[in-house]
Amino acid sequence: MSNFDQFHLDFYQSNYTVDDQQEGYNSYGSNENLCGSRKSQTGDQPPARAFAPPEMLLSSQSYTGQILQPTYSPDTHLGYADGFDDEPPLLEELGINFEHIWQKTLTVLNPMKPADGSIMNETDLTGPMVFCLALGATLLLAGKVHFGYVYGMSAIGCLAMHTLLNLMSVPGVSHGCVASVLGYCLLPMVILSSSAVVFSLQGILGTLLALFIIGWCSFSASKIFTSALAMEGQQLLIAYPCALLYGLFALLTVF
């Protein structure tokens, strides 16, 4: 037990006394007074400004938002909104205007209706492609696989009509306009090929119906060309080559 008591006293024994604690406290106070005197001396002098470029000062003064949060500018938001509102629709940018397609279709279906030259002079190929596909599909329903003939004769006919119209008209015409007009006027031929699915056209009735459809297509195409190219008095000269072209499609349909 004596050894344990001696170990206990030695473990808690320390050379640190109350006098040392008081002396340390006084030294800490003197250091604090020294720091305070230095602060008072430096406080009387004006603080030195660090050098900063004027761009940084302007940017720090103009920025009023928070970090990682951009400031809201109503003028910018309104500018984007006005820009989106002024943009045309996507289909119109792609050249697909359903209103003009419907007007061209009605002009072809009603040969007595006057054609609007500003609309008919557009290079719209949406309707012609649909009508060519419809003609090939109806011929396929009748047991005739003639897609290659339809597209081949359409391409050759467009090139021939383009050359002829440029020779006959003063302003000239583009390839897209010729293909658009000839393609839209192919709609009556689709009606003829649809009737070939129901009954045979190899007879007197079929021949008369084919001649009527050829005249319908050629008359509509010549009317549109004369109104779009300002070729008054030359409708019959334009209708003749158009009748030859649509006669080839009629031969495919009947035979």
Side-chain angles (χ1 to χ4, degrees), residues 88-138 146-193 213-253:
L90 179 60
L91 294 178
E92 187 174 349
E93 289 183 355
L94 295 176
I96 301 174
N97 193 336
F98 291 104
E99 184 179 358
H100 289 182
I101 292 173
W102 179 247
Q103 291 182 4
K104 292 179 182 180
T105 306
L106 291 179
T107 303
V108 173
L109 292 177
N110 186 9
M112 301 303 171
K113 179 182 178 181
D116 189 358
S118 61
I119 296 178
M120 296 302 172
N121 203 14
E122 296 177 352
T123 58
D124 175 27
L125 298 179
T126 305
M129 291 181 65
V130 172
F131 295 153
C132 286
L133 288 174
L135 179 60
T138 51
H146 292 330
F147 283 99
Y149 291 105
V150 171
Y151 290 115
M153 288 190 301
S154 299
I156 295 174
C158 289
L159 292 176
M161 287 298 300
H162 175 263
T163 304
L164 181 62
L165 291 174
N166 280 329
L167 293 175
M168 295 177 62
S169 62
V170 176
V173 65
S174 62
H175 292 88
C177 180
V178 175
S180 178
V181 173
L182 294 178
Y184 273 103
C185 294
L186 198 63
L187 179 58
M189 197 62 61
V190 177
I191 300 174
L192 180 64
S193 62
I213 294 297
I214 292 171
W216 187 357
C217 294
S218 59
F219 182 78
S220 298
S222 60
K223 178 190 65 175
I224 294 172
F225 279 129
T226 53
S227 62
L229 301 177
M231 299 173 62
E232 289 79 5
Q234 302 181 16
Q235 185 172 357
L236 293 178
L237 295 176
I238 301 174
Y240 177 71
C242 291
L244 295 178
L245 175 62
Y246 291 115
L248 297 176
F249 290 107
L251 290 175
L252 287 178
T253 306

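Owing to the predicted nature of the structure, the values given are computational and were not obtained by experimental measurement.
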Students often mix this up, so state it plainly: with edges at 30° and 60°, are the rings of Y246 and F249 parallel, tilted or perpendicular? tilted
Is any side-chain heavy atom of C242 closer than 4.5 Å to one of M161? yes
Which heavy atom of K223 sits nearest a heavy atom of P111, and at what distance? NZ-O, 3.0 Å
Is there a side-chain contact between I224 and V108 (heavy atoms, below 4.5 Å)? yes
Any residue meeting side chain to side chain donor-acceptor pair (under 3.5 Å) with Q234, in chain and number order, not counting sequence neighbours: none
Could you tell me which non-hydrogen atom of P128 sits nearest to which non-hydrogen atom of S180, and how far apart they are? CG-O, 3.6 Å
Could you work out, with side chain to side chain donor-acceptor pair (under 3.5 Å) as the rule, every residue matching Y184, not counting sequence neighbours? D124
With a sphere of 6.0 Å drawn around CG of L133, does it hold more than 12 non-hydrogen atoms of other residues, nucleotides or ligands? yes
Is any side-chain heavy atom of S154 closer than 4.5 Å to one of L182? no
Using side-chain contact (heavy atoms from CB on, under 4.5 Å), reason through L192 and M189 one step at a time and then give a plain yes or no. CA-CA 5 Å; L192 180 64; M189 197 62 61; 3.7 Å; yes
Interatomic distance, SG@C158 vs CG@L165, rounded to 0.5 Å, equals 10.5 Å
Considering residues at least two apart in sequence or located in another chain, which fulfil the side chain to side chain donor-acceptor pair (under 3.5 Å) criterion with T226? none
Is any side-chain heavy atom of L244 less than 4.5 Å from a side-chain heavy atom of Y240? yes
